[in-house]
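We name chains A, B, ... by the order of the sequence lines, and we start the count at 1 in each one. No experiment lies behind these values; they were computed from the predicted model shown.
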Protein chains: 2
Amino acid sequence: MVGDVFHALDDRTRRLVLDELAAGDGKTLFEICALLTTRHGLGVTRQTISQHLGVLESAGLVVTERRGRCKFHYFNPEPLAEIARRWHTEERTQR
Amino acid sequence: MVGDVFHALDDRTRRLVLDELAAGDGKTLFEICALLTTRHGLGVTRQTISQHLGVLESAGLVVTERRGRCKFHYFNPEPLAEIARRWHTEERTQR
DNA sequence: TTGATAGGCAAGTGTTCACCTGCCTATCGT
DNA sequence: ACGATAGGCAGGTGAACACTTGCCTATCAA
């Protein structure tokens, strides 16, 4: 869908996940859980993060790669360009 | 709040309102209602659009100016730059 | 083979939110 | 003053969603 990117960004936990993936790609689900609890004090379950990763993946913001029993998550910034493209913010003067 | 911009964008009707304001600033509430129904077939009430404009305004995406009994709405693209700034999409290579 | 690790699936709950109806205030023209 | 225009406020409803608990599958090391 079109609005999936906007919906995926409308959640603080998902934005934090994107922050962590943007800081260094190729993290597993358990690594992301550990980072969120230690660095941001997030008290969330593993299943919750898994669901958030599913939302981010279906929005195209996260690409996954399975190796063995591990699943590595990568940040894909390409869908974010759609936002800047839609309202072409660069050529407008701010009033 | 921080996530107000993302929340404001997570709605198709609000995105259409932004489209109309970006196409030509200085529209009143009734003008926006008429544009949404005629150009996009949106069957929504005036109060609904008024609430959406309130969300957009509190997110900083819409600036208003009152003159008499009319209230003119202007598109403010500045908060959108926060998105590109957060994950600095331009300097990353896509994988 | 057994236990530990990494992840997925599904139902239930509480809250948020978009939308409506109903009524009220303020400004303008006549 | 009176009717019409432009907008605001508040309660109520139904659906979407974040989050949990409980259980299951698959891979690796011993």
Side-chain angles (χ1 to χ4, degrees), chain A residues 1-21 24-38 40-59 61-74, chain B residues 1-21 24-38 40-59 61-74:
Chain A
M1 280 215 209
V2 183
D4 281 357
V5 179
F6 301 101
H7 174 66
L9 292 175
D10 183 21
D11 188 274
R12 181 173 175 266
T13 304
R14 282 196 289 265
R15 290 194 296 269
L16 289 177
V17 168
L18 280 190
D19 286 339
E20 294 301 329
L21 290 183
D25 266 353
K27 295 190 172 65
T28 67
L29 170 61
F30 279 78
E31 286 174 342
I32 296 172
C33 286
L35 287 173
L36 288 183
T37 53
T38 58
H40 301 94
L42 257 275
V44 279
T45 323
R46 175 185 60 88
Q47 282 79 358
T48 298
I49 305 296
S50 180
Q51 288 177 357
H52 282 312
L53 285 172
V55 173
L56 289 170
E57 186 174 3
S58 63
L61 288 165
V62 162
V63 183
T64 62
E65 178 192 4
R66 187 122 209 183
R67 274 201 298 265
R69 61 179 167 181
C70 292
K71 189 179 180 184
F72 298 96
H73 300 265
Y74 300 94
Chain B
M1 280 216 210
V2 184
D4 280 357
V5 179
F6 300 100
H7 174 65
L9 292 175
D10 183 20
D11 188 275
R12 181 173 175 264
T13 304
R14 283 196 289 266
R15 289 193 297 269
L16 289 177
V17 168
L18 280 190
D19 286 339
E20 293 301 328
L21 289 182
D25 266 355
K27 294 191 172 65
T28 67
L29 171 60
F30 279 77
E31 286 174 341
I32 296 171
C33 287
L35 287 173
L36 289 183
T37 52
T38 59
H40 301 94
L42 257 276
V44 279
T45 323
R46 174 185 59 87
Q47 281 81 359
T48 298
I49 304 296
S50 179
Q51 289 177 354
H52 283 312
L53 286 171
V55 173
L56 289 170
E57 185 174 2
S58 64
L61 288 165
V62 162
V63 183
T64 62
E65 177 192 5
R66 187 121 208 180
R67 273 201 299 264
R69 62 178 166 180
C70 292
K71 189 178 181 183
F72 297 96
H73 300 264
Y74 300 93

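- Terminal axes of the helix from dT1(C)-dA30(D) to dT30(C)-dA1(D) (five pairs each, C1' rotation axis) are separated by 30°, to the nearest 10°.
- Contacts of Gly54(B) with the nucleic acid, taken as non-hydrogen atoms under 4.0 Å apart, are absent.
- Between the Arg14(B) side chain and the Leu9(B) main chain, no donor and acceptor come within less than 3.5 Å of each other.
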Summary of protein contacts for nucleotides 6-18 of chain D, nucleotide by nucleotide, where a base hit scores B, a sugar-phosphate-only hit scores S (4.0 Å, heavy atoms): SBBB-------SS
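- Of the possible donor and acceptor atoms, one in the side chain of Thr37(A) sits under 3.5 Å from a partner among the backbone N and O of Cys33(A).
- The two atoms that bring Leu42(B) and Arg12(B) nearest to each other are CD2-NH1, 3.7 Å, heavy atoms only.
- With hydrogens and angles disregarded, a donor-acceptor distance shorter than 3.5 Å links the side chain of Ser58(A) to the backbone of Gly54(A).
- Nearest heavy-atom pair, Ala59(A) versus Asp4(A), reported as atom, atom and distance to 0.1 Å: CB-O, 3.6 Å.
- Atoms CD1 and CG, on Ile49(B) and Leu36(B) in that order, are 5.0 Å from each other to the nearest 0.5 Å.
- Residue Ile49(B) contributes atom CD1, which lies 18 Å from atom P of dC17(C) at whole-angstrom precision.
- The minimum heavy-atom distance linking Leu29(A) with Ser50(A) is given by the pair CD1-N, 3.8 Å.
- The side-chain contact (heavy atoms from CB on, under 4.5 Å) test applied to Gln47(B) returns Thr45(B), not counting sequence neighbours.
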